[in-house]
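Working notes, beginning with the structure itself.
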2 protein chains.
Amino acid sequence: MNMNEIAKIAGVSNATVSRAFRTPEKVRPELKEKIFKIAAENHYVYNASAADLKRRVSNTVGVLFQQRIGAVFSKTFMAIQETLLEKNISVIIGHTQFKPEVESQLLQQFLERQVAGIILSGFTKENKTLIKKFSSQGIPSVIIWEILKGSDFNYVGIDNHNAAFKATEYLIGLGHRRIGLLIGPYQKMERIQNRYDGYKDALTKNKIEIDQSIVISSELGFLQGKEAMHRLLKAADRPSAVFAASDYLAMGALKAIKEAGMKVPKDISLMGLDDAEFAAYCDPPLSTVRGPAREIGKIAAKILLEIKDEPGLPPKQYCLDSDLIIRDSCAPHF
Amino acid sequence: MNMNEIAKIAGVSNATVSRAFRTPEKVRPELKEKIFKIAAENHYVYNASAADLKRRVSNTVGVLFQQRIGAVFSKTFMAIQETLLEKNISVIIGHTQFKPEVESQLLQQFLERQVAGIILSGFTKENKTLIKKFSSQGIPSVIIWEILKGSDFNYVGIDNHNAAFKATEYLIGLGHRRIGLLIGPYQKMERIQNRYDGYKDALTKNKIEIDQSIVISSELGFLQGKEAMHRLLKAADRPSAVFAASDYLAMGALKAIKEAGMKVPKDISLMGLDDAEFAAYCDPPLSTVRGPAREIGKIAAKILLEIKDEPGLPPKQYCLDSDLIIRDSCAPHF
DNA sequence: TTGTATGCGTTATCAT
DNA sequence: ATGATAACGCATACAA
């Protein structure tokens, strides 16, 4: 059952049937109803592949994640999907696990499926050339959770440098001078590199020397946070505070501190970043920095929609505010 | 640039070009290389929509989630995607938030895109008719995280009844006789209903009367767990143990217990279910029941692949083992 | 508002 | 192993 057959039954042309579905306002109401009725009676299913082929672009958007779809990204993803659903756009999703060959394969899929746009959670070096390839094919892209000042990419995110800077300065304001850092794989992702830089700049601004021996980089996970924190605790001249630039690392670190028989924040202050949903339920509740996860997803989707309607505009760039969330994991230090 | 143009340049027919891409073994090696070279030089991009149209099925699989893609499902999802990527199949994903109209719209999208199969995380009443629609269109589906004994659906999951039963019996074995239950929206999802039944059956088997006043149903989330636990703590004749049939609820409950100035497991024992990744990092670490999250995703994807190669076989049904994970949140009761 | 006619780029059938 | 040709089902330019 296809549009031609419906047209035959309805005694109209296939063009009219097509219009009834795609541009219903162009078809006389009674006729439209008749067509819908026949379609329903015959269990007609619209063939999106055929439409995609003809229109040379599919009604889909590709979303690429580097990491786990965890406590933070899942909110962003849900907002993306909900927003696109309003325009009946499907979401093709892929996670790369930082593997360049997986990333290539997924982006190649997006290209071959003629996605109407792509959303990339974060920026890697490999990405840059691939994104250029998309824009050269006329496919718009949006980077999320990251800002790229001075670039001509579309993006919507938070200022990760500033978020880490704020968190670090908060600790400094509490009197801490020796502040450890637990950080993700900053070599791989610009977002994480920016957080690292935010930490360093806050220290430098406050005339605190950076001590690489209390900076630990690892993958993002509870276990990694715990292990890294154990190393930090063994360090000579132990830090009085630790900034974990991801709540996953922070919650892992919290466990390590308890295992060592110490208390947060009495013996050591702990600051997170991201405001993962579990952060408020840790013991003690984790002070952290919150980015507008849903908002980011929503805006990213809207950017794609806007570009679709009106291509060729200047890049759309949103730097959203992140908020310091003070809970109970940090204490003054004298 | 399309296959025809490549064919022209290579001095072969478009059919040969198509074969070079889809069934390379049917093309002479040297010729194949020549075609690939020309394709690369001209930045050719394979058009999946055209192929989908012609083949009457797309190289995509639809995945439907009811709830957040959180601590547990994200593992399953990642395994699905990784497995399908090996066959270069794209994943279209949607979450319904239990809204029937969203569910319908997403499934309609899957239908129109002619997905090669669908994976459904759990079973709702609405689902049943929709899945029949898919199978009537020749589209295979797999239910995950749930088993449907006696049905002719493909499924791969754990026995949720048994998981909850085990958890409850563990508590009973510890000497608890008054055991509260924190449960998700069991009216909406069979999986949750099964957990509820597992709890009840464990009690009944051990001749413990079921007291509805210490059974609280809510949505699945930290906050809901906390609120529900606060209600339980106020109950006359407070339970000595609580089984939270989701680790989200359990972690929320943990917070409520601490807020009330009590200790787990000294004052009250707390049992979770799911083994969300944060469970081991709670304080105290949460005892729970673990299902093989990645395995489920992997098998679900493979089922679809197998059906694709050989349709019309009897339903494939996997009930995987779940494991009781004993950590430190439950104590004996006398 | 509706119809006519054509083509999007691939795959598949049949032939060579 | 390769070629010729005909669909797949829809959207759209143009005509009426």
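What's counted below: heavy atoms across the whole structure, side chains too, no hydrogens, waters or symmetry copies. Residue numbers start from 1 in every chain, and the chains themselves are labelled A, B, ... in the order their sequence lines are given, proteins ahead of strands.
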| field | B:R28, nearest nucleotide to its side chain (from D:dA11, C:dT10, D:dT2) | value | D:dT2
| request: Under 4.0 Å between any heavy atoms, over every strand shown, what does B:D52 touch: base, sugar-phosphate, or nothing? Just pick one. | output: nothing
| said: I want to check something: taking the side chain as every heavy atom from C-beta on, are B:I299 and B:L320 in contact at a cut-off of under 4.5 Å? | reply: yes
| message | Taking donor-acceptor contacts at under 3.5 Å, does the side chain of B:K54 reach the base of C:dA12? | response | no
| N or O in side chain of B:S18 less than 4.0 angstrom from C:dT11 OP1/OP2 | yes
| Below 4.0 angstrom from OP1 or OP2 of D:dC10, is there any side-chain N or O of A:R22? | no
| Given D:dG9, is OP1 or OP2 found less than 4.0 Å from the side-chain N or O atoms of A:N2? | yes
| said: Please pick, from C:dG9, C:dT2, C:dG3, the nucleotide with the shortest atom-to-atom distance to any side-chain atom of A:A15. | reply: C:dG3
| Reference residue B:F36; test ring pair (Phe, Tyr, Trp, His ring centres under 6.0 Å); the match among B:Y44, B:F21, B:Y46 | B:F21
| query | With a non-hydrogen cut-off below 4.0 angstrom, is A:V17 in contact with a base, only sugar-phosphate, or nothing? | reply | nothing
| task | May I ask you to verify if any side-chain N or O of B:R19 is less than 4.0 angstrom from the OP1 or OP2 atom of D:dA1? | result | no
| message | Ring centroids only, cut at 6.0 angstrom: are B:F65 and B:F73 within range, meaning strictly under it? | response | yes
| query | NA contact type, B:A51, heavy-atom cut-off 4.0 Å: base, sugar-phosphate, or nothing? | reply | sugar-phosphate
| query | What integer distance in Å separates A:I6:CD1 from D:dA11:P? | reply | 12 Å
| note | Atom CZ of B:R55 and atom C1' of D:dA7 are separated, to the nearest Å, by 15 Å
| Touch class at under 4.0 angstrom, heavy-atom based, for B:F21 against every strand present | nothing
| said: Can you measure B:E25 atom CD to D:dT2 atom P for me and round it to whole angstrom units? | reply: 12 Å
| query | In whole angstrom, what separates B:K34's NZ from D:dA1's P? | reply | 18 Å
| In whole angstrom, what separates A:L53's CG from D:dA11's P? | 11 Å
| Closest-nucleotide 5' rank along DNA chain C - winner of A:L31 and A:N14 | A:L31
| Do the side-chain N or O atoms of A:S13 get closer than 4.0 angstrom to the phosphate oxygens (OP1, OP2) of C:dT4? | no
| task | Would you mind reading off the distance between B:M3 atom CE and D:dT5 atom C1', rounded to a whole angstrom? | result | 16 Å
| Can you find a donor-acceptor pair, distance only, under 3.5 Å between A:R56 side chain and C:dG9 base? | no
| field | Cationic N near anionic O, under 4.0 Å, B:E219 to B:K188 | value | yes
| said: Could you tell me how far apart A:R113 (CZ) and C:dT10 (C1') are, to the nearest whole angstrom? | reply: 13 Å
| task | May I ask you to check whether B:E146 and B:N160 show a side-chain donor-acceptor distance below 3.5 Å? | result | no
| task | Applying salt bridge (Lys or Arg N to Asp or Glu O under 4.0 Å) between A:E82 and each of A:K298, A:K75, A:R294, report the one that passes. | result | A:R294
| Could you give the NZ-to-P distance, from A:K8 to C:dG3, as a whole number of Å? | 14 Å
| said: Just to be sure I understand the rule, does B:Y46 reach a base, reach only the sugar-phosphate, or reach nothing, if contact means heavy atoms closer than 4.0 Å? | reply: sugar-phosphate
